[in-house]
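Structure first, then comments.
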Amino acid sequence: MDYNFREIEAKWQKYWAKNKTFKASNDSDKPKFYALSMFPYPSGAGLHVGHPLGYIATDIYSRYKRHKGFNVLHPMGYDSFGLPAEQYAIQTGQHPAITTENNIKRYREQLDELGFSFDWDREVRTSNPGYYKWTQWIFIQLFNSWYNKVSDKAEDISTLVVLFEKEGNAKVEAACDEDTPVFSAEEWDIFSEREKQEILLKYRLTYLADTEVNWCPALGTVLANDEIVNGVSERGGHPVIRKKMTQWSMRITAYAQRLLDGLNKIDWPQPLKDSQTNWIGRSVGASVTFDVKGSDDTIEVFTTRPDTIFGVSFMTLAPEHDLVTKITTPGQKAEVEAYVEATAKRSERDRMADVKTVSGVFTGGYAEHPFTKEPIPIWIGDYVLASYGTGAVMAVPCGDQRDYDFAKHYDIPIPNIFEGVDISEEAFADKETTVIANSDFLNGLSYKDAMKKIITELEKIGHGVGKVNYRLRDAVFSRQRYWGEPFPVYYVDGMPQMIDLEHLPLELPEVEKYLPTETGEPPLGNATVWAWDTEKNEVVNNDLIDHKTVFPLELNTMPGWAGSSQYFNRYMDPRNDEAIFSKETIDYWQDVDLYIGGSEHATGHLLYSRFWQKFMFDRGYVPKDEYAQKLINQGMITGTSAFILRQIVDVRTVVEIDSKIEERTFQAIIISDEGSVSKYDKDELEKIAENQLDKILSEEENKNIKLIDIEGYDINMHLSIRVPVDFVNSSDELDVEAFIKSPFGKEYKHALFVSNKTYREIEKMSKSKYNVVNPDAICEEYGADSLRLYEMFLGPLEQSKPWNTAGITGVHSFLKKLWKLYSSVEGGVEPTPENLKTLHKTIKKVEEDIENFSFNTSVSTFMICVNELTAQKCTGKAILEPLAILVSPYAPHIAEELWERLGHTKSIAEAPFPKFEEKYLVESSKEYPISFNGKMRFKLELPLDMGKDEIEAAVLAHEKTQEQLQGRSPKKVIVVPGKIVNIVG
RNA sequence: GCCUUGGUGGCGGAAUUGGUAGACGCGCUGGAUUCAAAAUCCAGUUCUUUCGGGAGUGUGGGUUCGAUUCCCACCCAAGGUACCA
C-alpha cells in the first residue's frame, strides 16, 4: 500500500481534536513543562511559510517532552487587536471584529493542517472582552501602585499616602515625575482632594503626562518613527510635526535597573540581551547645574565625563528645550525661531540618523561655569534630543568628537585639558590614558580619580551630583485608534478615575466611523454611547453627561503591546472570570520553560512583558519575576524575489494608415533578462512593431494600418520590475502566458519577451515584494509531515535562510521510504547487532539534537537510519516500534499511523521515549586515518584495544607509510588511540 | 560609525572538547526498469591533474604534530541601532 498522506493526516488531525490528546491538566503528578510560541497577529494575508518555523520547533519540543513524561502546556492564541484590521475598516466600513474573526478562521485552518499539538481549549484572543477585562485590570493595578526605591519594588499607593501624611515627600525615595514639588506633612494635610490626586499622579506607575509625539494633522493621528519617511507620513505623504499631547505613560524607567539585572538569570540569546541592554542604556556620570547669566534660571545637564568640565567651551540645548525662548537675545531671535521651526519638521529618527551635517544656532545667551565663573555661550542644535537626559549638553570639544566638529564648524575655541595630547586634528576620548591638565584642582589626575574628585567638588558647591542615567524612556501607553483595549477610565473634573473591577470589562463602543473626529479626537470620540454613569455603573449615552454622576470616558485606547504583556500567564487559566488566573494554577505552572519567537520583538514585547511580570511579582500575583527561563529566536525565512528587466524602446517605422504613408514611432516594451539588450535584429524589430500594431488596432479601432518599413530604434530606459514568484519556476523562468493574463502582467500584453529568464534576489518575505509563499499549496502536494520536516531540514533554527522548495522532494521521498520500511513488520524477529547499532545511534543523536534545538541534523539522522535499516532489510518490531516514537515529534501523522499499524490502540503521543543504550555501539576496531603533516593520506583498520606503541609500530611498518616517507625517517609520530595517527617528517 | 550574526561544492547545509572537510538532501551526469513518461532503483558528482598526486572552508598572518574550529588584522553580506552627552 502506498503512503497516502492526505488520508492519514486528515484522520489523525480529527483523532487528536476529538480525543483532546493534547489537553493539558492543571493538576498532574507529572513534572510540568510550558512550551510557548509567540502568538501571531492574524493578518489578512494568512499564514506564510515563515510563521510555522518557530511553531514546528516548539511543537517538536513539546511532543518530545510529552514522550519524556512531562505534563506539557502548549497553547496558542491570537494577538488580535491591531492596525491593519482598523485600516481595512476605514477603507471598507467593515467592523474590525468581523475582519479579525475571518482572519482567525483562516489562520486556524492553516494551523490545523500542520498538525500542531496545541491545547486549543486554552486559546486566547486579546480582542475578546473576556480577555481584555484582565488587561484593563492590570492597568488599574499599575495606576494604584508607586515604585518605592527603598524596598526596590512596586507598592500599593496607600503606603505612599501614609508616608505623605507622616513626613511629606522630601525624604520619600520613589520613581516620580521630574517636576514633582516638595511638600511637608502639614502641607499635604491641607491640600484639596484634587491637589492630592494631582500629586499622586506623579507617582503612579501609569500616569498622564504631556509627551512629544509625531503628529500628522492630515491623518489626525500620531505616527511611529518608522511610519515617517523623509519627514512625511509613509501613507499619503502628509507633513508630520512634533507636538505635545496628554497621554497615558507607563513608568517602566522605575524598573530600568531590575530589567538590566534580570538578564543575568535568564537563558536568552546574547544578541537579544545585548539589544535590551543597549535599549535601557545605563550610563554613569553626573548631573551638573549651570547658572544662566543675568537670570535665575539654571541649565541641568547629564554628562558621563564630568572630569572634563574645565574643557567646556559652549553648551548646546535641544531646540525644544523650555529655556530656549527665555535665553534667546533679541538679536538672535529670528534665527533661533527659524531653526526651532525647521527642527520641529524633522522626525527624531531623521535627526539621529544624520551624522554628517553639523547645524546649530547661537542663542545669544550665556551660562556661567560653576568653577571658573567664565561665561559659556549657549547654542541650540538638533543633534541634542529633548527626550534624552535633560535635553542639554555641556560641550567639551577636546574630549568629544561631535562637540569637536561643532566647535570647528562654528569657530568656537577648543581648550585642551589633556596632558601630552595633540588635539589639532581630532578629539581625544580615551579614558584609560587620560591625564587631566589646565583644570585647577583636577590637574594631573587620571580619569578615575578626577571623576571622584569632581563629583565631591560639585556636591560641595551645590552644582551637581553623581548620577546614573538611563536611555530608556517611560512608555507611551495611549493610542488614538479604535481597535484596541478601552481604558477603564472616566474623568471627573479632568482627573482620571478608575472603574471598579466588578464592572469590567469596559467594552469597546460601536462607532459609525473609524477615523478621528473632525475636532481631532480619537475615533472613540465618534461614539454616542460612551459615558460612565457612576450610580448605575454602566456605559450610558453621552447626552446624559452632567459631570455630577455621569462622566465622559477616556477616548484613547491601549497600544498593541498591552494585550501581549501577560498573555503567557493567562493561558494557564484562560477561562477564569474571577481572577486573571487562580493562585493554584500559577503556583503549578510557575513560568514558561521554553519561549520561541522572532528577534524583532527584542525591545518591544520582550521588554514590556518583562516589566509587567516584575510588577506582577512585586504585587504578589506571580511567583517568578522573569516569566521565560529560556528563549530562542527563530531566524527569518527570507523570500526569493524575482525580477525581469523592462526596456522601453522607440521603434521608428513607416506605416500605411488609411492609404496614406506616414512615419510613426511606437513606444514598445521589451522584456529581457539581467544583461540588458542593446541590439535588435530586423526580425525582432518587426515583431516589436507588429505587436504594437496589434495594440493600436485593438485600441484605436483603426483597421487600415499596415507596416511598411522599419527605420530604426532608440532605447529609452530600462528598469527592474518585480514579478510574483508564483509565475516563476525553479529554473527561474517566467511563465509568460500566465503572467500576462494575470492582473500583474496586464500592461505587458503587447510587450516582446526576448527572454523569460528572471533574476532573483533574497529579501524579507513580504506581500509588497510579491515573494510570499503560503504553506497551503505545499501541504496539499506533499503533506504536513513533509512540510514540517522540510522547514526543519532547511538549516539551523536560529539562522535566517531563504525559502526554496526545490529540496522538498527529498524529505517527501524519505517519508515514503519510511512507510515502505513498515510494510512487512514481523513481531518475533530478533534484531541483529547492526539493527540495534543503527537504532541506538539514532536515539542518541536525535535526543541530543532536540535538547540542543538542532532540528535540522535530526532530519538527516532519520534519513541515514532509514537508509541503513532498508539496506539491512530490517523488519523487526523491536526496532521499528522505537523508531516510530523517535520520528513522531517531527512527523506526527505518519508516526501515529505506523504506530496503529503496529497494533497499538492508544495514541503514540504518550509513548515513552526510547532509552539509549551504549552497549550496542561498542566497537572492537577502528579505521584509523593516517596523516602526514596533518594531511590524511590513507586509512588503516586496527583493533581499538591496541596500545600507543603497537599502533605506531603497525603504522610505520605499513608499505604506504614507506611510500609517503620516501626514505625519510619521521621526526615525530603522534598517536591518539581511538582517534588519529599523525606522522611528522 | 557602533553592536550582533554569518561567509564551507552548482544550491540548502554537516563536521558535538582542535583530530578523516563536504554527512544528509537538492540539482546534475550515466545506467536499470518502461512502448513512452512519471515514479522507483543503482552508480558517480569540491576543484585540478601528466592519474603519481596537488590544492582547498571570505582574505592575510599567527599558535599547534594537526585549525572550518583558537588568536590578531582586514574584506564582504544580513539584521539591529545611534549625534546617548
Side-chain angles (χ1 to χ4, degrees), chain A residues 2 269-275 277-279 281-283 285 301-306 308 316 349 351-359 381-385 387-396 399-403 405-406 469-471 599-600 602-603 633 635-636 638 730-731 762-764 789-790 793-796 798-811 813-814 816-817 820 845 848-849 852 854 856-864 867 927-939 963 970-976 978-985:
Chain A
D2 281 348
Q270 196 55 44
L272 197 155
K273 289 185 181 182
D274 290 347
S275 66
T277 304
N278 294 337
W279 192 263
R282 181 183 199 268
S283 47
V301 303
F302 174 76
T303 175
T304 51
R305 294 296 304 271
T308 62
T316 315
R349 177 172 288 187
R351 279 163 64 180
M352 293 186 293
D354 184 9
V355 201
K356 297 276 185 298
T357 42
V358 177
S359 79
D382 67 0
Y383 73 93
V384 179
L385 303 180
S387 54
Y388 183 78
T390 60
V393 177
M394 62 170 224
V396 182
D400 182 293
Q401 192 57 43
R402 216 179 37 234
D403 296 341
D405 294 341
F406 196 92
N469 198 51
Y470 298 93
R471 172 189 177 273
S599 59
E600 66 271 22
T603 51
N633 285 134
M636 189 167 54
T638 45
S730 56
S731 312
I762 288 168
E763 295 180 297
K764 192 172 168 169
L789 280 174
Y790 187 60
F793 191 57
L794 275 177
E798 303 191 58
Q799 263 169 43
S800 77
K801 54 228 150 199
W803 179 254
N804 177 359
T805 47
I808 198 163
T809 53
V811 292
S813 59
F814 155 74
K816 286 199 262 190
K817 284 184 209 164
K820 223 166 161 187
K845 176 81 175 132
E848 282 170 2
D849 283 348
N852 293 320
S854 172
N856 55 325
T857 47
S858 287
V859 181
S860 307
T861 305
F862 289 135
M863 289 173 172
I864 295 167
N867 288 347
E927 196 177 32
Y928 279 92
I930 313 298
S931 310
F932 291 80
N933 300 318
K935 284 261 168 209
M936 201 278 289
R937 296 303 177 200
F938 67 94
K939 289 176 192 167
E963 224 173 81
K971 284 193 198 124
K972 202 170 174 185
V973 180
I974 284 114
V975 178
V976 185
K979 283 251 158 105
I980 199 170
V981 177
N982 190 19
I983 297 162
V984 188

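Side chains are part of it too, since the values below use all heavy atoms of this structure and drop only hydrogens, waters and symmetry mates. Below, chains carry the letters A, B, ... as their sequence lines are ordered, and counting in each starts from 1.
To the nearest 0.5 angstrom, A:K820 atom NZ is 9.5 Å from A:D2 atom CG. To the nearest 0.5 Å, atoms OH (A:Y790) and CZ (A:F814) are separated by 15.5 Å. Between the CD1 atom in A:I808 and the CG atom in A:L789 there is a gap of 9.5 Å [rounded to 0.5 Å].
B:C35 is unpaired under the criterion used here, namely a Watson-Crick or G-U wobble arrangement in which both key atom distances are under 3.5 Å. In this structure, B:G1 forms a base pair with B:U81, meeting either the Watson-Crick or the G-U wobble geometry with both donor-acceptor distances under 3.5 Å. Pairing for B:A55 is with B:U46, a Watson-Crick or G-U wobble pair whose two hydrogen-bonding atom distances lie under 3.5 Å. Taking a pair to require two hydrogen-bonding distances under 3.5 Å in either a Watson-Crick or a G-U wobble arrangement, B:U69 remains unpaired. Using the Watson-Crick or G-U wobble rule with both distances under 3.5 Å, B:U20 pairs with nothing in any strand shown. Taking a pair to require two hydrogen-bonding distances under 3.5 Å in either a Watson-Crick or a G-U wobble arrangement, B:U64 remains unpaired.
Spacing of C1' atoms, B:C24 relative to B:A78, comes out at 26 Å, to the nearest Å. Separating the C1' atom of B:C28 from that of B:C11 is a span of 11 Å, rounded to the nearest Å. Rounded to whole Å, the separation between the C1' atoms of B:U59 and B:G66 comes to 22 Å. Straight-line distance between the P atoms of B:G6 and B:G58: roughly 13 Å, to the nearest whole Å. Here, B:C75 and B:U29 have their C1' atoms 37 Å apart, quoted to the whole Å. With both ends at atom C1', the span from B:G53 to B:G31 equals 30 Å, rounded to whole Å. When the C1' atom is used for both B:G56 and B:A15, the distance is 16 Å, rounded to whole Å. Here, B:G18 and B:G52 have their C1' atoms 31 Å apart, quoted to the whole Å.
As a whole-Å value, the separation of A:L272 CG from B:U5 C1' is 13 Å. The distance from atom CG of A:D2 to atom P of B:U40 is 11 Å, rounded to the nearest whole Å. Atom P of nucleotide B:C65 and atom OH of A:Y928 are separated by 21 Å, given to the nearest angstrom. Atom CG in A:D274 sits roughly 19 Å away from atom P in B:G79 (whole-Å rounding). Straight-line distance from the NZ atom of A:K816 to the P atom of B:A39: 8 Å, rounded to whole Å. Look at CG on A:D382: it is 13 Å from P on B:C84, rounded to the nearest Å. Atom-to-atom, CG of A:D400 to P of B:G1 comes out at 18 Å; the value is rounded to the nearest Å.
Contact record, A:G285 with A:F302: N-CZ, 3.7 Å, taken as the closest heavy-atom pair. Among all heavy-atom pairs drawn from A:G381 and A:T316, the shortest one is N-CG2, 3.4 Å. Taking every heavy atom of both residues into account, A:M394 and A:R305 meet most closely at CE-O, 3.7 Å.
With B:U81, B:U4, B:G12 as the choices, the nucleotide that has an atom nearest any side-chain atom of A:W279 turns out to be B:U81.
When the side-chain nitrogen and oxygen atoms of A:R471 are compared with OP1 and OP2 of B:A82, one or more of them lie within a distance under 4.0 Å.
Taking the six-membered ring for Trp and thresholds of 30 and 60 degrees, A:F406 and A:Y383 have ring planes inclined between 30 and 60 degrees apart.
No donor-acceptor pair under 3.5 Å is formed between the side chain of A:D400 and the backbone N or O of A:V396.
For B:G9, the base is syn relative to its sugar; the glycosidic angle is within 90° of 0. Glycosidic conformation of B:G52: syn, with the torsion inside 90° of 0.
Within the 4.5 Å cutoff, the side chain of A:V811 has heavy atoms near those of the A:M863 side chain.
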In 5'-to-3' order, the base (B), backbone-only (S) or no-contact (-) status of each nucleotide in nucleotides 14-25 of chain B, using a 4.0 angstrom heavy-atom cut-off, is S-BB-BBS-BBS
